[in-house]
Amino acid sequence: MPHTFDAEAVRTWCGLALEALGRAREGIDAINVYPVADGDTGTNLYLTIESAAHAVGAAFNGHAATGTASRPSLGDAIGAMAHGALIGAHGNSGTILAQMLRGMADVLAEEHEAGDAASEARDAGDVRHAGGAVLSRALLRAADSARNAVARPVEGTVLTVAASAAAAAARAAGVPPTGHGASAPRGSETGLSAATAQGARAGNGDAAGHGAERAAAYGAATASEGGAVPGARDTSATRSPAAPVGAVARAAYEGACAALEATTGQLDVLARAGVVDAGGYGLVTVLGALAETLTGERTTAPTSPLRPTSGSHALGPDRPDAEPRERRRPAAPPAPLPPAERSADADAPYDAATSERAPADGGHSGQLAGCDGEPITGPAYEVIYLLEADDTAVARLRARLDALGDSLVIVGGDGLWNVHVHVDDAGAAVEAGIQAGRPYRLRITHFGAAAERRLNRETPPREPKRTDGPRGTGHGARGKRAARSVVLVVPGDGLAALCAEAGATVVTTRPGEPPASGELVDAIRRAHAHEVVLLPNDAELRHTAAAAAAQMRTEGVRVALIPTRSVVQGIAALAVHEEDRGFDEDVVAMTSAAGATRYAELAVAERQSWTMAGVCQAGDVLGLIDGDVVVIGADLLATARTVLDRMLAAGGEMVTLVLGAGVPNNLAERLEEHVRERHLAVDTVNYRGEQPSAPLLIGIE
């Protein structure tokens, strides 16, 4: 069945990309060796897409508020996705991905203004869905925009993967992938020779070898239809409405896979580590989600994140013959250089091909090992901030930051920008932003400190230096840092008060609005502890919680994630928490208590639907055990009794009942009486959870 590239597809794409990045996050982090081996590329991409997905959801909710049949146009949805990625971009890779999405949004905005493409359906002037030709142009613009945003493009990175994906999409849409600017006007810098020169400068200076080939590939990818200057619009016959959008998306994904495989041989640092580019792998994951959205066919990972040894074939993570690989442990850091030697290295030359710079005075990132076991050899700090400024000020800022450091990426437009740079003088980078406009959401990461903390995961971390605003209020937010705390997600105010009284830091969810990883990060910061146990209490929050835990570990907090799937499992874990025992012992005990707790809930059906227990009607009471509907009833009390009997038939010593908002207290009393009469030696405890989503939650230990 043909799939449509419309606003709903954008929302689906966000969801699938977030799930895929959640699965691949740790593997991508493990192969992150370029431009800095700080082991967070997968996490950064996950956080960026998470922000984009929330923005798209907000766009749909905003339209739904104006009418039940109202929904955003394709341009609105992709614009929201781009804006969400921009304001939530993390790291070098996340910033580049945000610019790619902006490039796609720009193409859709142009389509809305032009209104002359035969392959798009329109409603009141808005583009409602687009065909393969528009998607190919969007991917071409995305690759071009990303490359233009990077101060010193390097081949063998995410930029190369993006260019190859765009070239493959153009071919699938009927755009011949000829040389960049094959018919461009004389004197323009869009010719193949200019692209070749750019590839030689960005690569290893080998214009006749791989650099020229990569430049030619990029030239093909960024050529607009008919060979015109990139960015120019063309309404010629090459914009074939017959190009299936799914086929174009699939071609882009396959082109990206092929380019990813080649990155190992394009950068020396990747070849030494035996890995593909981490940012490129992340982009392939995102494009795979797009292909799955528009074809309905699930894609598989193109290669194991860790490259195979010489002579073997790349293995996907789901292949049965894939051999497990040990994750590299960072090597111990060598002794620091004497002050005189550090000063002498401060003026060492910068190599654009490898982005390596000897550590300047005060920056010791080159003296610590990264996740690949090799020394981190770039500037000491990563500086990221959002900036409100005009184009002229940003042009001056770009020149100033390029002189201060490397890995400079500035993306955005229309007065709002995301600035990313690696520097030795973080203060100077911030000052440059202040002179350009109004910087905010400032994040500064010291690469050496992050690497050192990874080397010493088993030792209590040091107090991290915070640079992005106040820590906030809540348990442990002021005064001396606590030894250990528990952070958990709960669905109601009653449970929030109960857990807070037990000393935990809580995140209260709202119906239909699961917390983002940023909210979990804020909660961990509020806990203000050296060690934190994180309980998400929802299977859907597993990847979100994992990303939050990974981010906080870079700030020096030791975080253990227990993948609880229901709040009753979280309550059971919190009940056995003891701060006085060792961290590992405490985590094992809490994990055991959560794992020994079976869970159920009662819900009210909103519409007629098929379930594992049969067909339910709107208003029916559903009894779910471990997430599956097993009972359909008309009465809350009777259905709850049936669920309890089924669960206790397999044994149990303790029943926990959590009453939802509006449920009378006598329901718990009558269920306690039922348990006493039917099941010997089983205790019952009940709480007023006040959760709005489920009238009753049940736990059996």
Would you compute the distance between atom [atom1] of [X] and atom [atom2] of [Y] and round it to the nearest 0.5 angstrom?
{"X": "L139", "Y": "L287", "atom1": "CG", "atom2": "CG", "value": "7.0 Å"}
{"X": "L21", "Y": "N44", "atom1": "CG", "atom2": "CG", "value": "11.0 Å"}
{"X": "L101", "Y": "C14", "atom1": "CG", "atom2": "SG", "value": "8.0 Å"}
{"X": "L159", "Y": "N148", "atom1": "CG", "atom2": "CG", "value": "10.0 Å"}
{"X": "E254", "Y": "T299", "atom1": "CD", "atom2": "OG1", "value": "10.0 Å"}
{"X": "L416", "Y": "R438", "atom1": "CG", "atom2": "CZ", "value": "9.5 Å"}

Step-by-step side chain to side chain contact (heavy atoms under 4.5 Å, CB included) determination, T263 to V158: CA-CA 9 Å; T263 58; V158 63; over 6 Å; no

Min side-chain heavy-atom separation [X]-[Y] under 4.5 Å:
{"X": "D424", "Y": "Y381", "value": "no"}
{"X": "R443", "Y": "E382", "value": "no"}
{"X": "V107", "Y": "I78", "value": "no"}
{"X": "M81", "Y": "W13", "value": "yes"}
{"X": "I410", "Y": "T95", "value": "no"}
{"X": "Q435", "Y": "R400", "value": "yes"}
{"X": "E292", "Y": "Y253", "value": "no"}
{"X": "I384", "Y": "V419", "value": "no"}

H83 NE2: over 12 foreign heavy atoms closer than 6.0 Å: no

Shortest non-hydrogen contact from [X] to [Y]?
{"X": "W417", "Y": "D391", "value": "CZ2-OD1, 3.1 Å"}
{"X": "L401", "Y": "Y385", "value": "CD1-OH, 4.2 Å"}
{"X": "V423", "Y": "P379", "value": "C-CB, 3.3 Å"}
{"X": "L108", "Y": "G75", "value": "CB-CA, 4.1 Å"}
{"X": "V56", "Y": "A77", "value": "CG2-O, 3.7 Å"}
{"X": "A143", "Y": "A162", "value": "CB-O, 3.7 Å"}

Strictly distance-based, threshold 3.5 Å: is any side-chain N or O of [X] a donor or acceptor partner for the main-chain N or O of [Y]?
{"X": "D402", "Y": "R398", "result": "no"}
{"X": "H422", "Y": "L408", "result": "no"}
{"X": "N418", "Y": "L386", "result": "no"}
{"X": "S136", "Y": "A133", "result": "yes"}
{"X": "D425", "Y": "A428", "result": "yes"}
{"X": "S51", "Y": "T48", "result": "no"}
{"X": "E50", "Y": "S517", "result": "yes"}
{"X": "Q99", "Y": "G412", "result": "yes"}

Residues [X] and [Y] bridged, charged N to O under 4.0 Å:
{"X": "E110", "Y": "R141", "result": "yes"}
{"X": "R102", "Y": "D414", "result": "yes"}
{"X": "R147", "Y": "E155", "result": "yes"}
{"X": "D29", "Y": "R25", "result": "yes"}

Partner set under side chain to side chain contact (heavy atoms under 4.5 Å, CB included) for T41, not counting sequence neighbours: I28, N32, L45, S93, A278

Which residues share a side chain to side chain contact (heavy atoms under 4.5 Å, CB included) with A20, sequence neighbours left out: R23, T285

From CA spacing to verdict: side chain to side chain contact (heavy atoms under 4.5 Å, CB included), V33, L270: CA-CA 7 Å; V33 299; L270 300 180; 3.5 Å; yes

Option among L397, V383, N92 that satisfies the side-chain contact (heavy atoms from CB on, under 4.5 Å) test with V421: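 Only one option passes, and that is V383.
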
Chi angles and distances behind the side chain to side chain contact (heavy atoms under 4.5 Å, CB included) call for L294, L135: CA-CA 11 Å; L294 297 179; L135 177 59; 3.9 Å; yes

From CA spacing to verdict: side chain to side chain contact (heavy atoms under 4.5 Å, CB included), Y281, L260: CA-CA 7 Å; Y281 194 99; L260 178 66; 3.6 Å; yes

